[in-house]
Protein chains: 2
Amino acid sequence: MFELDLRSRKPIYEQLVDRLKQLIINNVLEKDEKLPSVRVLAQQLSINPNTIQKAYRELEIQGYIYSVKGKGSFVNHIMMADSSAEIKKVKEQLKKNISEALFLGVSVEELEKLITETEVDRSVTRGDEDDSSSERG
Amino acid sequence: MFELDLRSRKPIYEQLVDRLKQLIINNVLEKDEKLPSVRVLAQQLSINPNTIQKAYRELEIQGYIYSVKGKGSFVNHIMMADSSAEIKKVKEQLKKNISEALFLGVSVEELEKLITETEVDRSVTRGDEDDSSSERG
DNA sequence: TAACTGTATTAATATATTTAGTACAGTTAT
DNA sequence: ATAACTGTACTAAATATATTAATACAGTTA
């Protein structure tokens, strides 16, 4: 399904969370799509099922997936509801990154281009079927 | 000098690096300003000097400060030179944050406003004495 | 019932972080 | 030269965090 860096200083479960988030955000994993079970994915990645569960649990807390005992874990594309706390976090992180980028000499134009590029990438992978979140106005 | 969250899962030295970076980026700490010595800051924050040194060393590697044996550690505002690796890192992190923000429903307009706001903050705290990195052309 | 699924718990292990203590070398002022 | 500061290096111990392992329980599906 994807690659992990077992030698990284970044914990495996965090890598999993980040990776799965990106797949969900970019619609590679579609709404209600079933994720591999904790045991199957653990075997595929040659790591312990508990580590997978820790990642899935975190993703569920953050609202990216939902899990049903006996059935499995599924992608949650509803979102947009009570994500205010998450939005605040992301915005704070963005501010830090932006000021650091500016400090390192990245121009405002380049930063704006980054936004446009990211937006385009999303439109392409999502087939542009829902553009409400990227309206300008 | 600042606050730390000793209960955070984020290592103390990483908090220190982030915090000092922000102070340097936003020019709260000015060029060639002397930072507290590892021992003094350690006592102020009630943590071990080795932890301070680890943070200072990381900041020196990243080019934010420079240290002179016997004299102290000082803010480095020259930068802009060989920061290509750092720029690449920040850009990748920015992409992730932007796509997550878009996914959570933050509009492109809002993201662009974040850039403008951050730019303004920097101009104000820096007295606008050097605007070369924020030209739009 | 058998074979899946998520979830929980405990213990052991591995890794990372922090502390503690000591030491050495360069700077500054006396 | 001495005293008091500075950064830096090193080892060992203690603490915190992450990961594995093994087991168990409950819900789902065929």
### Task
Between protein and nucleotides 3-15 of chain C, map the contacts as a letter string: B base, S sugar-phosphate only, - none, heavy atoms under 4.0 Å, written 5' to 3'.
--BBBBB------
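When the C1' atom of C/dA16 is taken as reference, atom CD of B/Q15 falls 15 Å away, rounded to whole Å. As a whole-Å value, the separation of B/L4 CG from C/dT17 P is 16 Å. Protein atom CG of B/D5 is 12 Å distant from nucleotide atom P of C/dT18, rounded to whole Å. Between the C1' atom of C/dT18 and the CZ atom of B/R7 lies a distance of 17 Å, rounded to the nearest Å. Straight-line distance from the CD1 atom of A/I52 to the P atom of D/dA18: 16 Å, rounded to whole Å. With rounding to whole Å, B/N48 atom CG is found 14 Å from D/dA9 atom C1'.
At most 12 heavy atoms of other shown residues, nucleotides or ligands fall within 6.0 angstrom of atom NZ in A/K113. Within 6.0 Å of atom CD in B/Q43, 12 or fewer heavy atoms from other residues, nucleotides or ligands are found, so the atom counts as exposed in its surroundings.
The side chain of B/Y13 contributes no N or O atom lying less than 4.0 Å from OP1 or OP2 of C/dT18. Remark: A/T51 is not in phosphate contact with D/dA18, judged by side-chain N or O atoms under 4.0 Å from OP1 or OP2.
Residues A/L102 and A/V108 have side chains in contact (heavy-atom distance under 4.5 Å, counting atoms from C-beta outward).
In summary, A/E110 and B/K91 engage in a salt bridge, as defined by a charged side-chain N under 4.0 Å from a carboxylate O.
Partner of A/E92 under the side chain to side chain contact (heavy atoms under 4.5 Å, CB included) criterion, chosen from A/K95, A/K96, A/K88: A/K88.
Aromatic ring centres of B/Y64 and A/F103 lie closer together than 6.0 Å.
Nucleotide C/dA16 forms a pair with D/dT15, judged by Watson-Crick or G-U wobble geometry with both contacts under 3.5 Å. Nucleotide D/dA30 is matched to C/dT1 when pairs are restricted to Watson-Crick or G-U wobble geometry with both distances under 3.5 angstrom.
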